[in-house]
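Excluded from the calculations below are hydrogen atoms, water molecules and symmetry mates; all remaining heavy atoms, backbone and side chain alike, are included. Residue indices begin at 1 and follow the sequence shown.
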Amino acid sequence: MSDYHPEKLFFSNTDLDEGKLTNYTNLALNHLDDGELYLEYKQSDALLLDDNRIKSANYDIEKGFGLRGVVGESTAYAHSSQISDISIKRAIETINNVKAGHSGNIEISPEKTNKKLYSNINPVNEIEFSKKIKVLEDINSYARSNDNLVKQVSASLTSSWQAIKILRADGEIYDDIRPLVRLNVQIVVGDGTRQEVGSYGIGGRSELAEWIKPDLWKKSVNEAIRQAKVNMDSIGAPAGEMTVILGPGWPGILLHEAIGHGLEGDFNRKKTSAFSDLMGKRIAAKGVTVVDDGTIKDRRGSLTIDDEGTPTQCTTLIEDGILTGYIHDRLNARLMGMHPTGNGRRESYAHVPMPRMTNTYMLNGTQKRDELLSSVKNGLYAVNFGGGQVDITSGKFVFSCTEAYEIKNGKIKRPVKGATLIGNGPDILTKISGIGDDMQLDPGVGTCGKNGQGVPVGVGQPSLKIDGLTVGGTNTS
């Protein structure tokens, strides 16, 4: 692989090598049910322009290992930022604490894959620092000259290059290289009496040069300005129970949070999910099909292999309204008598893997967006979302809309501000009464949080019509 020299990345300034680490892994995990030695090397940089100047420019290198031993439901985990003889020996001592009472069943290692979902080029070192600065300065100049209402411009450019190596007790070794890039633009517009904010971001797992082309960053600036100006004309959001049309693409974040987490294996094994014990049963309206797909080339949530070495796949979670699958890592799949789905993910070497989503989205229906809109007398058209909160056990959620419009007699009317969507994940699935044919994936900015760990993900959906959804707002008339 280009730029991939494991002896330099993982073993510099030590007397370790792959052979010695294989022996250590065998020693640590012998007689356990499962586990691995996970090595990570990561370069990253982050540049921020704000208020006409570069506010910060950070460059970082992280390196370390995590050693995990699993017996039944019990996990022992030790990690260190120092890859050395002494630190690994100390980690082995920690892992020994779970060996008592082991089942003696050694989990078979995942099958290897030759697929390649992203470039090996390192986006951190791909382009000179001065050129990265120039891109942010060009964004700033373009935004301010493009519209006289622009009062403030903030732009950030982040990139990372991660190399991982996974060693298992049976001698199998897995390697992966993971680039990641993200560009964000935030614009404040004002007319002297009112100010509003708009933002837009793009990103994915490919070369940095692909994401800083002028046509792409100009599109991001224009979209951020458009959103801000839409909000300038907004009125108070209506409140009450009504029909809501969700736009395609990024609104899939609601699907991710309100439904996706409830289909992760650990919550269902422990029966703390609202979807526990519903496998094979109807949980959504007919026509609703949801998948988690970690195999889409260059996407932010895609992985060649997960953080346990399992190749990613496209897993159908809901098919035509029927629950057909869960999202699994190795541990929960084994305990539930199922197969891993390539969703064992961790934030870094300092974290244990757990079942996490990759790119989660709903498949197309057959209706046109205008057909969905024309069927609504009074409702809300929600295009973009900000933050939200979800209770996995009950499925209850609250999401704030950053761009939404009134629907009056089948037509999109004035933009509204302050709208929140309030509901229940399992309930919302049954209230879907229309599915568009315009499925889109998000532009590549999603990050998912769970148990204190954040990982990059993707979301998506077509336009959706949802009946009887509660909208929180300031206009109750």
> Is there a donor-acceptor pair closer than 3.5 Å between any side-chain N or O of Thr324 and the backbone N or O of Thr316?
yes

> Could you give the distance from CD1 (Ile127) to CH2 (Trp211), rounded to the nearest 0.5 Å?
13.5 Å

> Hey, could you give me the OG/CG distance between Ser159 and Leu183, rounded to the nearest 0.5 Å?
11.0 Å

> I'd like to know if the side chain of Lys115 pairs up with that of Thr312 as donor and acceptor (distance under 3.5 Å, no hydrogens or angles considered).
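Their side chains do contain a donor-acceptor pair, which is all the 3.5 Å distance test asks for.
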
> Testing the 3.5 Å rule here: is there a donor-acceptor pair between the side chains of Tyr174 and Asp306?
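No, because no side-chain N or O of Tyr174 sits under 3.5 Å from a partner of the opposite role on Asp306.
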
> Between the main-chain N or O of Gly72 and the side-chain N or O of Arg334, is there a donor-acceptor pair closer than 3.5 Å?
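Looks like yes, one N/O pair under 3.5 Å.
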
> Would you say Ser119's side chain and Glu207's backbone share a donor-acceptor pair under 3.5 angstrom?
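Flag not set: sc Ser119 to bb Glu207 has no pair under 3.5 Å.
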
> Over 60° means perpendicular and under 30° means parallel, so tell me whether His328 and Tyr326 are parallel, tilted or perpendicular.
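His328 and Tyr326: perpendicular rings.
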
> Under 3.5 Å, side chain of Lys218 to main-chain N/O of Tyr142, donor-acceptor pair present?
no

> Between Ser199 and Asn184, is any side-chain donor less than 3.5 angstrom from a side-chain acceptor?
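Per modelled atom types, Ser199 and Asn184 side chains form no pair under 3.5 Å.
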
> Please list all pairs passing the side-chain hydrogen bond (donor to acceptor under 3.5 Å, both in side chains) test where one or both residues lie in residues 452-464, with sequence neighbours left out.
Asp438-Ser463

> Could you report the tightest heavy-atom contact between Arg356 and Glu264, atom names first, then the distance?
CA-OE2, 3.6 Å

> Just by modelled atom types, is the Ser234 backbone N or O under 3.5 Å from a matching donor or acceptor in the Asn231 side chain?
no

> Minimum heavy-atom separation for Arg144 to Lys151, with atom names?
NH1-O, 3.6 Å

